[in-house]
Amino acid sequence: MTGSIRARRSVLYMPGINQRALEKAKSLAADSLILDLEDSVAPDSKAAARDLVCDAVKAGGYGGREVIIRINGLETDWGGDDLAAAALSGADGILIPKVGSAEALKSVAAALKAANAPDTMQIWAMLETPDGILNAKEISALAAGADVNLTCLIMGTNDLLKETRTLFVPDRFPVLAWLSMAVLAARAYGLDIIDGVYNNFSDQEGLRAECEQGRALGFDGKTLIHPAQLAICNEIFTPSDEEVSWSRKILAAFEEPENAGKGVITVDGQMVELLHAKIAERTVAIAEAIETSGQAAA
Ligand code: COA
Ligand code: MG
């Protein structure tokens with residue numbers, strides 16, 4: 001049920017209780033913002049954070065940035081109130097933590113409806129538990145139906161390490177299979193999928209390596225925790241000028257009258273098939289979405 005293509009290169013989290021961050025986000029070069037009520041907010045601050053976040057979203061000022069509220073799970077003491085408040089906040093969507101099954105998201109969609117959320121409100125799902133990875137296919141498959149407006153998956157790599165007792169290592173080999181499983185599930189059902197966070201926000205080199213790895217794995221972007229991570233992430237997940245001009249060349253070549261109806265042609269001495277034209281279409285669409293959103297590489 002994804003609407004038109006949009007760039008989700010940089011998806012920045014901020015604690016919902018941090019008023020300064022909620023304000024600062026209005027001027028940061030992030031494609032999407034996640035205003036968090038869950039892991040980064042202590043139990044005593046949950047209600048205050050909910051009010052702060054919903055007031056900030058209602059007041060607006062976030063421009064073309066997509067605004068998503070991460071609520072607490074419906075099974076917690078706060079989830080129901082979070083959902084009811086987020087439903088009427090005007091946010092673009094809500095992010096559900098620790099999704100383990102399709103049933104869990106169906107309950108969220110039903111609760112949103114009961115809370116009179118607009119039909120356009122997106123549901124994003126975090127995959128961060130063993131169940132979430134094992135059931136990634138059935139969770140993603142909801143996107144094919146009409147009941148759950150699921151548009152995007154987010155990897156929760158910190159929780160995944162905790163739940164599985166795997167270790168953080170720079171090349172992430174312990175979690176690679178799970179990341180790829182999730183990417184496959186997303187692709188099977190036309191969802192966007194965003195990589196997990198890189199905790200050491202002072203380490204630009206490490207971040208760059210992880211962004212490059214995430215892009216190679218097929219992720220659309222990366223979740224971030226600090227403004228210092230935006231520039232590198234936007235750079236790596238933006239199609240390069242070279243990629244865009246090569247893509248335009250491929251599309252133009254297939255448009256030539258002599259190539260009408262052909263499945264394979266030659267461009268600059270290389271074999272190019274219709275499947276490459278499909279890849280090129282997406283590359284150009286993403287580049288154009290970035291250009292029109294006015295947030296070209298920071
Ligand atoms: N979003 C928006 N603004 C942020 C931000 C964020 N995630 N993190 C920091 N900033 C702002 C600060 O408010 C500060 O702004 P100012 O200088 O204009 O006052 C500036 O960026 C520099 O921040 P800095 O002092 O380097 O960081 P900090 O010590 O205040 O905070 C963290 C460090 C890690 C606590 C903070 O970045 C953070 O809370 N990140 C998000 C955590 C989160 O949401 N986790 C849940 C998902 S994993
Ligand atoms: Mg988590």
Side-chain angles (χ1 to χ4, degrees), residues 8-43 45-46 48-50 52-53 56-57 61-63 65-76 78-79 82 91 93-100 104 124-133 136 139 152-166 168 172 175 178-179 182 193-204 206-207 210-211 214 219 221-234 295 298:
R8 294 187 174 115
R9 298 164 297 173
S10 46
V11 178
L12 178 66
Y13 282 105
M14 65 211 64
I17 198 67
N18 185 340
Q19 195 151 21
R20 172 77 198 138
L22 294 175
E23 188 57 35
K24 189 158 178 99
K26 296 173 184 172
S27 64
L28 295 173
D31 290 329
S32 309
L33 306 170
I34 299 177
L35 316 186
D36 186 29
L37 304 180
E38 199 225 8
D39 279 345
S40 70
V41 178
S45 301
K46 293 286 188 190
R50 180 189 307 134
L52 263 185
V53 161
V57 177
Y62 292 101
R65 298 166 193 80
E66 192 171 37
V67 177
I68 306 295
I69 299 177
R70 181 164 76 170
I71 67 169
N72 290 282
L74 288 186
E75 69 288 351
T76 67
W78 314 285
D82 289 349
I94 57 172
L95 171 60
I96 313 303
K98 303 178 177 71
V99 175
W124 289 18
M126 295 213 61
L127 299 184
E128 52 184 343
T129 58
D131 270 2
I133 301 298
I139 292 166
C152 190
L153 302 178
I154 302 278
M155 296 310 306
T157 36
N158 282 330
D159 269 290
L160 204 49
L161 293 182
K162 166 179 164 271
E163 295 294 319
T164 56
R165 299 184 206 149
T166 41
F168 172 78
R172 296 198 290 179
V175 299
W178 306 328
L179 297 178
I193 181 162
I194 314 297
D195 199 357
V197 299
Y198 188 70
N199 294 337
N200 186 352
F201 60 82
S202 313
D203 173 11
Q204 301 269 299
L207 173 70
E210 209 174 274
C211 286
F219 286 104
K222 191 166 180 66
T223 45
L224 306 173
I225 48 164
H226 193 280
Q229 299 183 313
L230 285 162
I232 286 176
C233 180
N234 282 336
Q295 292 191 36

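All residue numbers refer to positions in the sequence shown, counting from 1. Whatever order the structure lists them in is the order used to number ligands and atoms, beginning at 1. Because the structure is a prediction, the values reported are computed rather than measured.
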Looking at Glu128, the N, O or S atom sitting nearest the Mg ion (ligand 2) is OE1

Could you check atom 22 (C) of ligand 1 against the protein and tell me its nearest heavy-atom contact, residue, atom and distance included? His226 NE2, 3.9 Å

Is the shortest heavy-atom distance from the side chain of Asp203 to the side chain of Tyr198 under 4.5 Å? yes

Report, in ascending order of atom number, the atoms of ligand 1 lying under 4.0 Å from any heavy atom of Asp36. 46 (C)

Proximal ligand 1 atoms for Lys24, defined as those under 4.0 Å from one of its heavy atoms: 11 (C), 15 (O), 16 (P), 18 (O), 20 (C), 21 (O)

Name of whichever N/O/S atom of Asp39 is nearest to the Mg ion (ligand 2): OD2

Nearest protein heavy atom under 4.0 Å from atom 26 (O) of ligand 1, yes or no: yes

Asp39 to ligand 1, any heavy atom closer than 4.0 Å: no

Give me the nearest non-hydrogen protein atom to atom 32 (C) of ligand 1 as residue plus atom name, then the distance to 0.1 Å. Phe201 CE2, 4.5 Å

Out of Ser27, Pro227, Gly16, Ala30, indicate the one that has the non-hydrogen atom closest to atom 5 (C) of ligand 1. Pro227

Please find out if the Mg ion (ligand 2) and some N, O or S atom of Asp159 are separated by less than 2.8 Å. yes

One finds that the ligand 1 atoms under 4.0 Å from a non-hydrogen atom of Ser40 are 43 (C), 44 (O), 45 (N), 46 (C)

Do the side chain of Lys46 and the main chain of Leu37 share a donor and acceptor less than 3.5 angstrom apart? yes

Give a yes/no on ligand 1: does Ala25 have at least one heavy atom closer than 4.0 angstrom to it? no

Of Gly156, Pro97, Ala21, which has the heavy atom at the shortest distance from atom 3 (N) of ligand 1? Ala21

Nearest non-hydrogen protein atom, atom 39 (O) of ligand 1: Pro15 CG, 3.2 Å

Go through the steps for Asn200 and Phe168 under the test side-chain contact (heavy atoms from CB on, under 4.5 Å), then give the verdict. CA-CA 12 Å; Asn200 186 352; Phe168 172 78; over 6 Å; no

Closer than 4.0 Å to some heavy atom of Arg70 - which atoms of ligand 1 meet that? 46 (C), 47 (C)

